[in-house]
**Student:** 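First, the structure itself, so that you have it in front of you.
First the proteins, then the strands, lettered A, B, ... as listed; each starts at 1.
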Number of protein chains: 2
Amino acid sequence: MKDVAALAGVGLKTVSRVVNGEPGVSEETARKVHAAIEHLRFRRNDGARLLRQGSRTRCVGLVLEDLADPFYSQLSRAVEEVARAHGSLLLTGSSAEDPVRERALALDFCARRVDGLIIVPTAADHSYLDDELAAGTAVVCADRPAPGLAVDTVLADNRGGAATGVDHLLRQGHRRIGFLGDAPDIYTATERLAGYRRAMTAAGCAVDERWVAMATPDPLALGRALDRMLAAPAPVTALLCGNGRTTVAVLRELAARPARPALVGFDDFELADLLPLPVTVVAQDPAAMGRLAAELLFRRMAGGGAEPQRFEIATRLIARGSGELPPTD
Amino acid sequence: MKDVAALAGVGLKTVSRVVNGEPGVSEETARKVHAAIEHLRFRRNDGARLLRQGSRTRCVGLVLEDLADPFYSQLSRAVEEVARAHGSLLLTGSSAEDPVRERALALDFCARRVDGLIIVPTAADHSYLDDELAAGTAVVCADRPAPGLAVDTVLADNRGGAATGVDHLLRQGHRRIGFLGDAPDIYTATERLAGYRRAMTAAGCAVDERWVAMATPDPLALGRALDRMLAAPAPVTALLCGNGRTTVAVLRELAARPARPALVGFDDFELADLLPLPVTVVAQDPAAMGRLAAELLFRRMAGGGAEPQRFEIATRLIARGSGELPPTD
DNA sequence: ATGAAAGCGCTAACAT
DNA sequence: ATGTTAGCGCTTTCAT
């Protein structure tokens, strides 16, 4: 910029005025400055600009579990769209469910002075964000809460959704229903388990603990869990799967077995309607979750200092066939 | 930082030393500084640091078509992983196939002085990046080339892959094979069409132009195209779909029709193996593409000033059933 | 209409 | 071991 000023034979401030389209520059001078800019290929450094202005960085951060997971990639796009609408750029990072990585990412983003941060919190302490919060960085939790962190939080109706799935199966006459959830340290997994238990109990169905399996979905473990659930003396006649990854893995395992239990999956997924037995699901709305989280973030950044709120996004049961199978005994 | 120095009763540089773990500070002083940091909740501003150091921003940008598309979300994760391994943060943005948006995103990223930029170029002029390139920003194109831009480029073997798909169908005895591709202004769509034509011609099969449809996959248009291809006088007995989105849309349309042409899809997708007729695909490797693009980017950033190179990632035919159907006439 | 000087938060280069 | 000065690239403030 100094060079531009020198070449154009004007002062630094005049170049600044031209670059920013400020008034108070004669046409003649502006032309000279533009020529110098072209010639020197000058490109303004927004970092320096931001520093001096002391203003917002117009940059928000998103920390989630896995950018490639369909649920989170849809959420990301929604966040990105809102950010774009507000003129902000988006820094993204995957925690891979590792608290250390999450923390490193979030603090890196803060060190770059993002205006706001959307986090899908892992199961860990989040007090490391207290200072950032105090310093005025807006934070919103999506998909899961961060206990002890006073921030807006957007969740799905996990218990309600799971209960809806179970109720649907109960209505088809099932009494022995299994639940295959993700690892129990994942908030949504445990919530959905609670919804399952609630609905079973409310219907007077005692839950045999052999019908419950909570683990990171991996083919081998899932296969064993299925075998256990489908074995005598009290085999399940229906299954509720705790998330999209689990549903897909279970479908794959079931394809290799004779048993055809009724099945409801938590999370919708592409092609669920085209499978041999179309899959009934409790659908979430990842785009709505991302959109709301982002809008809350920008609302906070705009200054509303109200109490942190918690939002629940409704789920929707989509009956496609697999959940309408009657009990086999 | 000034405040920290004042509170600790030391000089600015001493605080800097402590914050950066530089040697040459007595334990006693360090303790005082740390106390002041805690007390004032000081957090270093990396933006200012970077400005002063004049060093890399340790930040790279990724501009692609749609963050929520499975192909690109897998690519993104791979890029993110490489970036993380190199200690860089990742700015992401979706162009939505709009050249104006792509340009705005890319230039925004450059204004923030990203060290490098990975772009999935839309069909438009990319000379707007010339200045950035000249200024030393590393750029890599992924999935598609940007004609006229002298940068490393990572592509899939689009022609070869499409030809492989056609050859596979020819081997099953098909002679009338249709191609359903994306909009012709998309590089990959046109390349794959070329591969289809090449293989058909090489086999001595004249392509009836009614067997070719190139458009953004939308159910209505796709349905009409299918009806046309499947109608007399020379109905196709097999189909090659030009990308994942198209394949899924075609499967959905076919499900509502009696005809069961053989089908090969370009791009693998989850659950392809669990459909009633498992889908044969020419699989791409989006993670490999993202990884390579990112590694090339960091290699460029490290200084290798060699000629820009072009890389082709191999495709792999996965036979699952739909592509092994014999001709129906 | 234009420019000089000061300073955003930090660090490099030199003091002491 | 510690502090001082200058300056990264820009904008703000206040002159002219």
**Student:** Tell me which nucleotide among D/dA1, C/dG3, C/dT11 gets nearest to the side chain of B/Met1.
**Tutor:** C/dT11
**Student:** Whole angstroms only, please: what is the CG-C1' distance between B/Leu40 and C/dG9?
**Tutor:** 15 Å
**Student:** Rounded to whole angstrom units, what separation is found between the CZ atom of B/Arg56 and the P atom of C/dT11?
**Tutor:** 19 Å
**Student:** Can you tell me if the side-chain N/O atoms of A/Gln53 get under 4.0 Å from OP1 or OP2 in D/dT12?
**Tutor:**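 So the side-chain polar atoms of A/Gln53 do come within 4.0 Å of the phosphate oxygens OP1 or OP2 of D/dT12, strictly under.
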**Student:** Quick check on D/dT11: is either OP1 or OP2 less than 4.0 Å from any side-chain nitrogen or oxygen of A/Asn20?
**Tutor:**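 Yes, because at least one side-chain N or O of A/Asn20 sits under 4.0 Å from OP1 or OP2 of D/dT11.
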**Student:** Take B/Ala48 and B/Ser26, find for each the nucleotide of DNA chain D with the closest heavy atom, and name the residue whose nucleotide sits nearer the 5' end.
**Tutor:**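 Between the two, 5'-proximity favours B/Ser26.
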**Student:** Whole angstroms only, please: what is the NZ-C1' distance between B/Lys32 and D/dT2?
**Tutor:**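 Those two atoms, NZ and C1', are 11 Å apart.
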**Student:** Does C/dT11 have OP1 or OP2 sitting under 4.0 Å from an N or O in the side chain of B/Ser16?
**Tutor:**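 Looking at the OP1 and OP2 atoms of C/dT11, one of them is under 4.0 Å from a side-chain N or O of B/Ser16.
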**Student:** Rounded to the nearest Å, what distance is computed from the CG atom of residue B/Leu50 to the C1' atom of nucleotide C/dC8?
**Tutor:**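 Rounding to the nearest Å, CG of B/Leu50 and C1' of C/dC8 are 15 Å apart.
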**Student:** Side chain of A/Arg17 only, please: which of C/dG9, C/dT2, D/dT2 is the nearest?
**Tutor:**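 Nearest listed nucleotide: C/dT2.
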**Student:** Does D/dT11 have OP1 or OP2 sitting under 4.0 Å from an N or O in the side chain of A/Arg49?
**Tutor:**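 Yes, A/Arg49 has a side-chain N/O under 4.0 Å of OP1/OP2 on D/dT11.
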**Student:** Between A/Gly54 and A/Gly11, which has a closest nucleotide on DNA chain C that is more 5'?
**Tutor:**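 Going by which nucleotide is closer to the 5' end, it is A/Gly11.
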**Student:** Closest nucleotide of DNA chain C for B/Gly47 versus for A/Val15: which of these residues is on the 5' side?
**Tutor:**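 The 5'-side residue here is A/Val15.
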**Student:** On DNA chain D, check which nucleotide each of A/Leu12 and B/Thr29 is closest to and give me the residue with the more 5' one.
**Tutor:** B/Thr29
**Student:** Using atom NZ of B/Lys13 as one end and atom C1' of C/dC10 as the other, report the distance to the nearest whole Å.
**Tutor:**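 Checked: the NZ to C1' distance equals 9 Å.
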**Student:** Could you work out which one of C/dC10, C/dC8, D/dG3 sits closest to the side chain of A/Arg52?
**Tutor:**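 For A/Arg52, the side-chain atoms sit closest to C/dC8.
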**Student:** Tell me whether B/Arg58 is salt-bridged to B/Asp115, with the criterion being a basic N under 4.0 Å from an acidic carboxylate O.
**Tutor:**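 Here B/Arg58 does not pair with B/Asp115 in a salt bridge, since their nearest N and O are not under 4.0 Å apart.
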**Student:** Just how far, in rounded Å, is P of D/dT4 from NZ of B/Lys2?
**Tutor:**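 So the two atoms are 14 Å apart, to the nearest Å.
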**Student:** Phosphate oxygens OP1/OP2 of C/dA1: is one of them under 4.0 Å from a side-chain N or O of A/Thr14?
**Tutor:**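 For C/dA1, OP1/OP2 do not have a side-chain N/O of A/Thr14 under 4.0 Å.
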**Student:** Tell me yes or no: between the side chains of B/Tyr72 and B/Asp143, is some donor less than 3.5 Å from an acceptor?
**Tutor:** yes
**Student:** Quick check for you: among C/dC8, D/dT11, C/dG3, whose closest atom lies nearest to any side-chain atom of A/Val10?
**Tutor:** C/dG3
**Student:** Please tell me which of the listed nucleotides, D/dT2, D/dG9, D/dG3, lies nearest to the side chain of B/Val25?
**Tutor:** D/dT2
**Student:** Find the distance A/Leu51:CG to C/dC10:C1' and express it as a whole number of Å.
**Tutor:** 8 Å
**Student:** Do B/Arg31 and B/Glu28 sit within salt-bridge range, that is, some charged N less than 4.0 Å from a carboxylate O?
**Tutor:**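 Yes.
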**Student:** Using a strict threshold of under 4.0 Å (side-chain N to carboxylate O), is an ion pair present between A/Lys13 and A/Glu22?
**Tutor:**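 Counted as a salt bridge, because a side-chain N and a carboxylate O are separated by less than 4.0 Å.
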**Student:** Taking atom P of C/dC10 as reference, at what distance in whole Å does atom CD of B/Glu22 sit?
**Tutor:**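 Whole-Å distance recorded here is 14 Å.
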**Student:** Determine, for A/Glu65 against A/Arg144, whether the closest basic-nitrogen to carboxylate-oxygen distance falls under 4.0 angstrom.
**Tutor:** yes
**Student:** With no hydrogens and no angle check, do the side chains of A/Thr122 and A/Glu102 hold a donor and an acceptor under 3.5 Å apart?
**Tutor:**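 A donor-acceptor contact under 3.5 Å links the two side chains.
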